[in-house]
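These notes are about the structure you will find just below.
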Amino acid sequence: MTAARTTHSFDGAAASAAYRSALEVIGAVEPRVADAISRELTDQRGSLKLIASENYASPAVLLTMGNWFSDKYAEGTVGHRFYAGCQNVDTVEALAAEHARELFGAPYAYVQPHSGIDANLVAFWAVLAQRVELPALQEAGARHVNDLTDADWAVLRRALGDQRMLGMSLDAGGHLTHGFRPNISGKMFEQSSYGTDPATGLLDYAAVRARAREFRPLIIVAGYSAYPRRVDFAAMREIADEVGATLVVDMAHFAGLVAGKVLTGDFDPVPHAHIVTSTSHKSLRGPRGGFVLAQPEFADAVDRGCPMVLGGPLPHVMAAKAVAFAEARRPEFAGYARAVADNAQTLAEGLTRRGARLVTGGTDNHLVLVDVTGFGLTGRQAESALLDAGIVTNRNAVPADPNGAWYTSGIRLGTPALTSRGFGAAEFDRTAELIVDVLSATTPTATRDGGTSQAKYVVADGVADRTRAAAAELLSAHPLYPGIDLA
Ligand code: DSN
C-alpha cells in the first residue's frame, strides 16, 4: 500500500527506451560521460539516501530538462521578452507559474530563479525596491530601483547600509542565505539572528518578538534547512507586523509538505508571508531550481528578478517545473507528503527507542537531527562511518555546537528520497536500527596527546559489511525507477 501512494507512476518500458537512446547518443560523443550517468543511477539505487534536501524526480521531470529549450535565451517575462522567438518559452513559463499559483494558493508566482539562493536574492531585492524610500528616487521621478541613475545608486548604497535582516541562526537550523556573512545577503544587510530555546531546542516566539522589537529589521526571514519542527508562520507574521518588517519565508525544505497539505493553517507560510521563496527539488520532488510566491504588492518588483539579480531564465528547467508542479497537484502527491512526515516520525521514534538523542526530541516535518555526541562522535565521524556502511547522510551543526561548523556534533536525516522509493514504517524503523548499530560500533581514533580525533574513527569489524547487506535487502525490495534498465 505504501509503495502505491508514494512512488512515481510511469511507463518503465518507455522510460527505459528513452534513457537507453539518450545514453547511446551521448556515448557516441563522450562515452565517459554516458558511463558516469549510468553509474550515478547504479550508485543512487544502491545506497540508503537520507540527505534531507535530496529526492528522486520522476522520469517525466528529468526528461523534460534534456531538450532544445536549453538553447533558448528568454530574458524578460511572459509576453515581454528581450529576445525574439520566445513563444514556446512563454507557454512553459506561464504553465509553471499557473501550476505554482494553484498548487500553493498564491496570488503570484515567479518561476525563473535558478536555485534557492537566487529565489532569496530576488525576494530581498524586491523588498528593497518596494520599501526603501529614497529621496533621490523620488526626485529623479523613478518608479523603481531598476530605473535609478548612477547618482541615485550612490544614495541607494548608503541607504542599504542601514537596512536590517533578522533570520534564524545557522546553528539553530537557519540557512546561509538568511543574512549570514559568507553569503551576499550578509553583506547587503546588517544581520541579527534568533535562535531556539536552549532547554527544548524549539523556537521561542516571545524571544523572536523581543529581538525584533529591539533590532527593528526591514525583513524577517523564517524558514530553515535543519530545524525538525513546524514553524508558526501566523505568529511570525504578527511579529513582523508589529515591528513594520516584511516577512519572507524560505520554504525550500518543506515545500512538498505545504503542497501536500501536511502543513496547513498557521503552519502554511503562503497566506501569512509577504513573500515565499523555495527550491523545487527537495521535498517537492521537481527539477533543480527555485521559485518565488508573492503578495500582489511585491509582484512587480519580483518580476524584475531578471535582469536585476538573475541571468537568463532556463526554459528547460521552467518546463520541468511545470511538469513537477502538475505532478504535485495530483491527489497522490498528498499521500506522498503525508508519508514523508509519518516516516520521519517513525525514524525519530526508532532512533530514540534505541538510545539516540534528537535535537528537540523528535520531528514534525521531514527531517531529524541526531546529536551524535551521545555516541562519543563528531558529526563528521558519524557521517563518514555511515557512508562506509552505505548510508548517505550529512553532518550538521546542532544548537550551540561545541564542535563548530566543520566537524559539527550532528547528522541530519531526511525521509523525502526513501519515501519516493516506497519505504514505509517498517523500512524506516529498520533504517533507524542500522544507523544506531553503526554509530554504536564507531569509536574516535586516539590522538598522540591522549585526546581523541575529531575526524578519524574506527568501525568495529564486520559492522559496515553487515549493514551494507541489510541496506541492500531493504533497497532491493523498493527498487529505484523500477523498469528502467540501462544494460
Ligand atoms: N544545500 C541545501 C541543504 O542541504 O539543505 C540548502 O541549501
Side-chain angles (χ1 to χ4, degrees), residues 44 47-57 113-124 165 167-186 191 193 196 221-231 248-258 263 269 276-292 309-310 317 321 324 340-341 344 347 359-360 363 365-370 379-380 382-384 386-387 391-399 401 405-420:
Q44 293 210 18
S47 59
L48 276 175
K49 173 149 86 164
L50 287 161
I51 293 185
S53 48
E54 293 188 7
N55 210 328
Y56 303 109
H114 308 163
S115 68
I117 175 174
D118 287 353
N120 283 343
L121 263 183
V122 169
F124 300 155
M165 173 181 283
M168 192 176 199
S169 70
L170 278 178
D171 72 350
H175 193 258
L176 275 176
T177 57
H178 300 175
F180 295 94
R181 278 288 155 219
N183 181 258
I184 185 70
S185 59
Q191 198 269 354
S193 48
T196 46
V221 186
Y224 52 79
S225 59
Y227 179 67
R229 296 292 180 174
R230 297 183 298 186
V231 173
V248 174
V249 174
D250 179 345
M251 67 167 182
H253 258 266
F254 51 92
L257 301 188
V258 178
L263 297 174
V276 176
T277 64
S278 188
T279 53
S280 39
H281 51 274
K282 297 187 174 86
S283 54
L284 194 49
R285 208 161 67 175
R288 292 298 286 250
F291 63 98
V292 179
V309 294
L310 298 177
V317 182
K321 286 173 190 168
V340 166
L347 181 64
V359 173
T360 78
T363 178
N365 56 21
H366 64 297
L367 71 87
V368 172
L369 192 57
V370 187
R380 178 156 171 193
E383 175 193 82
S384 302
L386 289 167
L387 188 63
I391 302 176
V392 188
T393 66
N394 70 284
R395 65 187 187 278
N396 208 101
V398 301
D401 200 310
W406 179 249
Y407 292 109
T408 80
S409 299
I411 51 165
R412 188 184 65 165
L413 310 172
T415 54
L418 290 177
T419 303
S420 288

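Both counts, for ligands and for their atoms, begin at 1 and track the order of listing.
- The distance from the CE atom of M168 to the CZ atom of F180 is 9.5 Å, given to the nearest 0.5 Å.
- With sequence neighbours left out, the side-chain contact (heavy atoms from CB on, under 4.5 Å) criterion links L310 to Y110, Q112, P113, D118, V122, C306.
- Within 4.0 Å of ligand 1, the residues that place a heavy atom are S53, H175, S225, H253, K282, R412, listed by chain and number.
- Remark: H366 pairs with H253 by the ring-ring contact (aromatic ring centres under 6.0 Å, His included) rule, at least two apart or across chains.
- For S409 and D401, the side-chain atoms include at least one donor-acceptor pair closer than 3.5 Å.
- Defined by atom type and a distance below 3.5 Å, a donor-acceptor pair is missing between the side-chain atoms of T408 and R395.
- By the ring-ring contact (aromatic ring centres under 6.0 Å, His included) test, Y227 is found to be paired with Y224, residues two or more places apart in sequence or in another chain being considered.
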